[in-house]
Number of protein chains: 2
Amino acid sequence: MQLKSYLTNAIIWLKLPLLFNYVDNAMKNQHLPEPVTAADRVLLEIQRAIVEGEIAAGSKISEPELAKRFDLSRAPLREALARLERCHLIERTPNAGARVVKLSVAGLVSLYQLRETLEGMACRLAATQMTDEEIAEVQQLLDQHLSTQRVREGESYYQEAGDVDFHYRVIQGSKNPYLINILCDELYYLVRMYRVQMGMNGPRVSRAFDEHKAIINAIANRDGELAELLMRRHIGASRINIEKHLSIKGKDHGTST
Amino acid sequence: MQLKSYLTNAIIWLKLPLLFNYVDNAMKNQHLPEPVTAADRVLLEIQRAIVEGEIAAGSKISEPELAKRFDLSRAPLREALARLERCHLIERTPNAGARVVKLSVAGLVSLYQLRETLEGMACRLAATQMTDEEIAEVQQLLDQHLSTQRVREGESYYQEAGDVDFHYRVIQGSKNPYLINILCDELYYLVRMYRVQMGMNGPRVSRAFDEHKAIINAIANRDGELAELLMRRHIGASRINIEKHLSIKGKDHGTST
DNA sequence: AATCGCTTGATTGTCGACAATGCAACTAAA
DNA sequence: TTTAGTTGCATTGTCGACAATCAAGCGATT
């Protein structure tokens, strides 16, 4: 059991350079001034471990075990667990402990329903709230992502980073702090968990770029309604894509329901 | 200072019977199986204190002081603070402590923008997801609320309780766990804080009942689009109502910005 | 043989004390 | 008088140990 864990570790570490690149990117751009306290650091570690599947979905979380593993007390660890619960990566029941969330078709549908609505709203607001500079920056970023993606075909992490970055910018552009908090802090880690564990990299890459460009163009034209519609469609397509993979993999090793 | 606190306490205690009624009602109907651990209990206490204004908006939270006041250690208190941050009642900065959130026009607008979108979505989903029994129950509840409200004119807590109850039922009717979590656990305490501290009880009471009835009727007719539209309008009207009070009170004792 | 109750083990919840960090007042120099 | 530096204090972050609660295994009883 411990041995198996080490094996999983080894596999994960091979992926780490790419991961770090992604995390660095995220940290640089996004509002993560965090790694100042020990709880913050271990939070990032465990978040990554859960999203990557290093800590299996549905498995029980043992506080003493994790404390030993990261070599710190249970106090900051519990702080980290509280935040993990906040972004729906674990579920706690009083006096019974915490479990990593299970992936399911129903959960995916619920999550993406919400994303459609919320990111649609973000687009609508962004169309009136973003400055011309911010919009130009996003357009420039899209081209940049496209070129790096062409250089490194098949590197799904780059696509992932680019996609997250685009959505992040638009959400920030809404200038609504509560909306930003929900999407960037509470929902996105779970979204990434579905995408990473379902191995998303497929043929949607180039299509996604086109859709991104159409959305930012609508925002640039200050057409909020169109931007909202396009974003909802974009996320809907993404959901169907993942749903296909999930229903297949679900039959393989019972991660569904 | 301590004396003033006692005075405030005395005033608050006078309101408590009504409060308990409200809380009981909420606990009975809503998913609050909580008060099992000490942290849960103190969480409810502090939540109430903040929403009621017993702990002033914008004031600093001292962990040792609160620990002494509620006669428990800092460990469960920090757990409670973590959850308070989750529902946006306090804001924490690392190594600097927590402050109670400030009420502002900008914050109100952002919050109600989000409510419009999310509760609109809830209505749309509820129109297809609620069972006939659930719908009938809500309709029955509305009449019940109306009669108790007529008996006790001016008792704002009853109106508050009835309003919260109605919205709660519709949100639950969406059957989307993430949506339910955001609205009922993360946003509603802040919404109540705005309403309570702005002293909302005015002439909107009877109009609100009519609007509620129209919404549930649309849901009963399985007309999701109409239900969504009516709910958005309903919340928008409520926002304007509070906004008026807030801008007035804001000028009086500077709670704005 | 099956079920109920008890006991044991482990896990979570809570506590008090220590360490580290940040804030503020005070001093001294320009 | 103002500003920079320093010192002291208060608050937060972290730690290890204890208490309460839950789960499971064993034994006794019907």
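Each chain gets a letter, A, B and so on, in the order its sequence line appears, and its residues count up from 1.
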> Got a sec, which pairs hit salt bridge (Lys or Arg N to Asp or Glu O under 4.0 Å) with one end in residues 171-180 of chain B, sequence neighbours left out?
Replying inline: B/Glu134-B/Lys175
Expressed in angstrom and rounded to an integer, what is the separation of [X] atom [atom1] from [N] atom [atom2]?
{"X": "A/Asp40", "N": "D/dG13", "atom1": "CG", "atom2": "P", "answer": "9 Å"}
{"X": "B/Arg74", "N": "C/dG16", "atom1": "CZ", "atom2": "C1'", "answer": "10 Å"}
{"X": "B/Ile90", "N": "D/dT12", "atom1": "CD1", "atom2": "C1'", "answer": "13 Å"}
{"X": "A/Glu79", "N": "D/dC15", "atom1": "CD", "atom2": "P", "answer": "13 Å"}
{"X": "A/Leu77", "N": "C/dG13", "atom1": "CG", "atom2": "P", "answer": "12 Å"}
{"X": "B/Arg99", "N": "D/dT12", "atom1": "CZ", "atom2": "P", "answer": "11 Å"}
{"X": "A/Arg92", "N": "C/dT12", "atom1": "CZ", "atom2": "P", "answer": "9 Å"}
{"X": "A/Leu43", "N": "D/dG13", "atom1": "CG", "atom2": "C1'", "answer": "15 Å"}

> Base, sugar-phosphate, or nothing for B/Leu81, non-hydrogen atoms under 4.0 angstrom?
Replying inline: nothing
>> Need one value for A/Ile61: base, sugar-phosphate or nothing, where a base atom within 4.0 Å counts as base even if backbone is also close, heavy atoms only.
In response: sugar-phosphate
>> Ring-plane angle category for A/His88 and B/Tyr178, please: parallel below 30°, perpendicular beyond 60°, tilted otherwise.
In response: perpendicular
> Where the side chain of B/Asn95 is concerned, which of D/dC15, D/dT12, C/dT14 is the nearest nucleotide?
Replying inline: D/dT12
Is there a side-chain polar atom (N or O) of [X] under 4.0 Å from OP1 or OP2 of [N]?
{"X": "A/Lys60", "N": "C/dT12", "value": "yes"}
{"X": "A/Arg78", "N": "C/dG13", "value": "yes"}
{"X": "A/Thr37", "N": "D/dT14", "value": "yes"}

>> Between B/Arg115 and B/Tyr112, is the side chain to side chain donor-acceptor pair (under 3.5 Å) condition met? List the steps.
In response: CA-CA 5 Å; B/Arg115 267 193 77 192; B/Tyr112 270 66; 3.3 Å; yes
>> Less than 6.0 angstrom from the centroid, inside 45 degrees of the normal: does B/Arg169 satisfy that with respect to the ring of B/Phe166?
In response: no
> If each of A/Ala96 and A/Arg41 is mapped to the nucleotide of DNA chain D with the nearest heavy atom, which maps nearer the 5' terminus, i.e. the 5' end?
Replying inline: A/Arg41
> At their closest point, which heavy atom of A/Ala57 faces which heavy atom of A/Val100, and how far apart are they?
Replying inline: CA-CG1, 3.7 Å
